[in-house]
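Take a look at the structure set out below.
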Amino acid sequence: MILRAKEGYYRHPTSPEKILRNFYLRDAKTVAIDLLGKILVHRNKGREFRAKIVETEAYLGPHDLAAHSRMGKTKRNEIMFGEGGFAYIFLIYGIYDMFNIVVSEHNDAQAVLIRAGEPLEDPDRRLSGPGKFAQGMHITRRQNGVDLCGDQLFLIDGAPPKKIKKAKRIGVDYAGHWKDRHLRFYDAASEFVSVS
DNA sequence: GCATCGATGGTG
DNA sequence: ACCATCGATGCA
């Protein structure tokens, strides 16, 4: 099944195999890098939205002063303190929902923010930037806590980027020396990355 | 090409 | 008051 014949456009996932739990039970930096090139699938109300992930950020746990888990467990972030492989979604600036994937073991409170993707079906859908990504994928706080090993929201395999770039995370200038850590990763060749 | 600003609502 | 954002605006 070829989806769309447009210049430079993604055509087909190499092997549509669902990503299993053990993928998520590793540290945030490793998973953030390995997520690049994977396909996120969201099935919602009889529709299906898919995107190739091209930009991520790692949040390393309570000691990472940029991570939500730095405050300890609260009503909002409790999903972060659970096992890896679950969706953590929160509202930012009163407007946008941010889609994160909880990773590592129970209580490690690590997560990976998905910052940008390439839409597989409609090339005009903009999925660049975490707010637009969640919006374009129809992911909202209703999906907070959803198991990514289920059938509603999950990942399938995809080819990793040829070249990965690393940079500082966006919007975390409050985080002391953590703001300068290179924990943002993106596909160097993708036009859909939010900030190059 | 910048820098700055407002929208908007949950959180601590 | 702050915020893991975005698009519009103003100025160069």
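Chain identifiers are assigned alphabetically (A, B, ...) following the order of the sequence lines, protein sequences preceding nucleic acid strands; residue numbering begins at 1 within each chain. Everything numeric here is computed off the predicted structure, so don't read it as measured data.
Look at CD on A:E55: it is 16 Å from P on C:dA4, rounded to the nearest Å. Going from atom CE of A:M98 over to atom P of B:dG9 covers 16 Å, rounded to whole Å. Put simply, CD on A:Q135 is 8 Å from P on C:dG7, counting in whole angstrom units. With rounding to whole Å, A:K73 atom NZ is found 16 Å from B:dT11 atom P. For A:F185 and C:dA4, the CZ to C1' distance is 15 Å, given to the nearest whole Å. We find that CE of A:M71 is positioned 9 Å from P of C:dC3, with the value rounded to whole Å. In this structure, the OH atom of A:Y93 is 5 Å from the P atom of C:dT5, given to the nearest Å. In this structure, CG of A:L91 is placed 18 Å from P of C:dC2, rounded to the nearest angstrom.
No side-chain heavy atom of A:L65 sits under 4.5 Å from any side-chain heavy atom of A:Y174.
Pair assignment for B:dT8: none, as no Watson-Crick or G-U wobble contacts are both less than 3.5 Å.
Counting non-hydrogen atoms under 4.0 angstrom, A:R169 reaches nothing in the nucleic acid. Counting any heavy atom pair closer than 4.0 Å across all strands shown, A:G94 reaches a base atom. At a threshold of 4.0 angstrom between heavy atoms, the contacts of A:K132 are confined to the sugar-phosphate backbone, with no base atom among them. Using a 4.0 Å heavy-atom cutoff across all strands shown, A:L113 reaches at least one base atom of the nucleic acid.
Nucleotides B:dT8 and C:dT9 place their P atoms 15 Å apart, quoted to the nearest Å. Taking the C1' atoms as reference points, C:dG7 lies 22 Å from B:dG10, given to the whole Å.
Taking only side-chain nitrogens and oxygens, A:R115 comes nearer than 4.0 Å to OP1 or OP2 of C:dT5. Contact between the side-chain N/O atoms of A:Y96 and the OP1/OP2 oxygens of B:dG9 is not found at any separation under 4.0 Å. Between A:T74 and B:dG12 there is a side-chain N or O to OP1 or OP2 distance below 4.0 Å.
Along DNA chain B, the nucleotide closest to A:I95 and the one closest to A:R141 are compared, and the more 5′ of them pairs with A:I95.
The aromatic rings of A:H68 and A:Y88 stand perpendicular to each other, their planes meeting at an angle above 60°, with 30° marking the opposite boundary. The aromatic rings of A:F49 and A:H138 sit parallel, their planes meeting at an angle under 30°, below the 60° perpendicular limit.
Geometrically, A:R21 does not engage A:F23 in a cation-pi contact, judged by NZ or CZ lying under 6.0 Å from the ring centre and within 45° of the ring axis. Both the sub-6.0 Å distance and the 45° axial angle are not jointly satisfied by A:K166 relative to the ring of A:F185.
In this pair, A:F90 does not lay its aromatic ring on the base of B:dG10; centres under 5.5 Å and planes under 30 degrees do not both hold.
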